[in-house]
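The structure appears below as structure tokens.
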Amino acid sequence: MDCINDIPSLRAQIAHWRAQGERVALVPTMGNLHAGHLSLIGEARRHAQRVVASIFVNPLQFGPGEDFAAYPRTLAEDRERLGAAGCDLLFAPGVETLYPHGQEGHTRVEVPGLSDLLCGASRPGHFVGVATVVCKLLNLVQPDVALFGEKDYQQLLVIRRMVEDLALPVEIVGVPTVREPDGLAMSSRNGYLTPAERAQAPALYHALCAAAQSVRDGGEVASVERTAREALAAAGLEPDYVQVCAARTLAPASPEDRERVILAAARLGRARLIDNVNV
Ligand code: AMP
């Protein structure tokens with residue numbers, strides 16, 4: 001599998017495939033790949049003849065004091081895994097390639113409203129960074145389809161909304177969360193956990209599953225959320241939010257909402273874990 005770092009080579013390869021009438025899928029990532037990322041590659045293969053993955057640890061989506069410098073960078077192993085999973089091309093640009101005027105000077109894409117809730121409230125500017133880099137990657141690769149994990153549910157909605165608002169000609173596909181056998185959602189940040197924290201971490205998913213069952217049983221939303229926060233704290237996690245939301249807007253769920261999702265974030269040692277479940 002080829003790895004390309006520069007924009008002209010990327011465009012030339014994509015143009016070559018297009019000239020052959022092939023469909024192209026894009027899977028954007030920050031690398032340190034695990035089975036969750038590889039399931040996106042597998043799903044991408046079902047949608048297109050050619051699969052492009054990108055690896056870019058995007059400085060624009062990290063706040064001051066967050067883990068940009070510490071974020072695991074494992075390009076050689078990632079490249080092996082992508083090749084074995086049937087990816088056709090890896091695009092791994094440097095920061096100066098995507099942000100030639102510096103990240104401060106770069107045009108930004110903002111999806112208002114959705115970007116300010118939940119993780120956006122805890123990480124101001126995060127979703128502007130995400131929307132900006134994904135918009136740029138979509139313009140560079142011009143894929144027919146781009147795939148994103150439901151694990152980052154708010155991110156998936158922000159991207160769907162950006163694509164709709166800016167009329168970008170791409171189909172966005174969400175892919176179910178891949179979990180460890182004990183329920184913990186796979187994440188590059190799980191590597192920050194000590195063995196003791198790793199044993200505590202599945203409490204996040206278990207609290208969400210219990211909350212979903214309580215909502216299905218007719219439990220009152222505020223009390224379900226409180227119980228879940230208490231369960232997280234009892235398990236040694238520091239809850240950031242637990243919220244039952246309307247699945248399409250992430251507004252606080254009302255009894256009339258037919259599709260609901262419960263989202264949570266919690267801190268555990270050096271890691272900030274997020275997860276969600278459908279009700
Ligand atoms: P990241 O490298 O964390 O930016 O993630 C790249 C893509 O992989 C995003 O679309 C994520 O939502 C997706 N992803 C991350 N973890 C998982 C997982 N456990 N299951 C499915 N998709 C995931």
Side-chain angles (χ1 to χ4, degrees), residues 25-47 51-63 66-68 70-75 77-79 81-82 85 87 90-93 95 98 114 118-120 123 126-138 141 143 145-163 170-193 198 201-202 204-205 208 250 261 263-265 271-278:
L26 173 66
V27 177
T29 81
M30 297 205 299
N32 192 237
L33 302 182
H34 50 63
H37 296 113
L38 300 181
S39 96
L40 300 190
I41 301 289
E43 183 64 19
R45 291 185 55 79
R46 294 169 10 93
H47 289 265
V51 177
V52 180
S54 62
I55 293 183
F56 180 63
V57 184
N58 175 29
L60 209 56
Q61 70 189 68
F62 289 78
E66 291 189 354
D67 57 341
F68 174 70
Y71 199 86
R73 289 157 170 91
T74 53
L75 192 62
E77 292 94 319
D78 291 347
R79 194 173 167 174
R81 288 196 180 140
L82 287 170
C87 180
L90 169 59
F91 179 51
V95 172
L98 287 201
L114 262 182
L118 305 169
C119 280
R123 306 181 67 191
H126 170 65
F127 288 113
V128 171
V130 169
T132 299
V133 80
V134 171
C135 187
K136 184 144 193 177
L137 290 167
L138 291 173
V141 177
V145 55
L147 298 95
F148 296 86
E150 289 174 357
K151 188 213 156 223
D152 300 284
Y153 188 81
Q154 186 175 8
Q155 168 173 286
L156 176 61
L157 289 197
V158 165
I159 290 164
R160 283 195 195 285
R161 182 66 187 278
M162 172 187 77
V163 163
V170 62
E171 179 192 353
I172 301 299
V173 171
V175 178
T177 302
V178 177
R179 299 181 179 282
E180 302 285 359
D182 60 10
L184 177 64
M186 290 192 179
S187 165
S188 303
R189 290 189 167 100
N190 293 349
Y192 295 155
L193 301 172
R198 175 63 189 80
L204 181 59
Y205 179 57
L208 283 168
L250 296 186
V261 58
L263 302 96
R272 182 174 181 279
L273 306 177
I274 62 170
D275 202 348
N276 66 88
V277 299
N278 285 319

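When a ligand or atom number is given, it counts from 1 through the structure's own listing order. Remember, it's a predicted structure, so these values are computed and weren't measured experimentally.
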Inset, instruction - Test side chain to side chain contact (heavy atoms under 4.5 Å, CB included) on Leu250 and Val261 and set out the steps. - result: CA-CA 8 Å; Leu250 296 186; Val261 58; 4.2 Å; yes

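Using a 4.0 Å cut-off between heavy atoms, Ala35 makes no contact with ligand 1 at all. Here Leu40 has side-chain heavy atoms under 4.0 Å from ligand 1, and that is the only part of it that gets that close. Looking at Ser39 against ligand 1, nothing comes within 4.0 Å, counting heavy atoms. Under 4.0 Å from ligand 1, heavy atoms of Met30 appear from its side chain as well as its backbone.
The residue among Gln61, Glu180, Gln155 with a heavy atom at the shortest distance from atom 9 (C) of ligand 1 is Gln155. One option in Gly36, Ser188, Ala53, Pro176 has a heavy atom closer to atom 18 (C) of ligand 1 than any other, and that option is Gly36.
The nearest pair of heavy atoms linking Pro176 to Glu150 is CA-OE1, 3.5 Å.
Inclusion of Val178 in the set of residues having an N or O under 3.5 Å from an N or O of ligand 1 is warranted. Of the N or O atoms in Asp152, one or more lie within a sub-3.5 Å distance of an N or O in ligand 1. Ligand 1 has an N or O atom lying under 3.5 Å from an N or O atom of His37, backbone or side chain.
Remark: His34 pairs with His37 by the ring-ring contact (aromatic ring centres under 6.0 Å, His included) rule, at least two apart or across chains. In this structure Val170 satisfies the side-chain contact (heavy atoms from CB on, under 4.5 Å) test together with Leu138, Pro143, Ala146, Val163, Leu168, Ile172, sequence neighbours excluded.
Remark: ligand 1 atoms within the under-4.0 Å shell around heavy atoms of Pro28 are 6 (C), 7 (C). Interface atoms of ligand 1 facing Met186, defined by a heavy-atom separation under 4.0 Å, are 16 (N), 17 (C), 18 (C), 19 (N).
For atom 22 (N) of ligand 1, the nearest non-hydrogen atom of the protein is Gly149 CA, 3.6 Å.
Ligand 1 has at least one atom lying under 4.0 Å from a heavy atom of His34.
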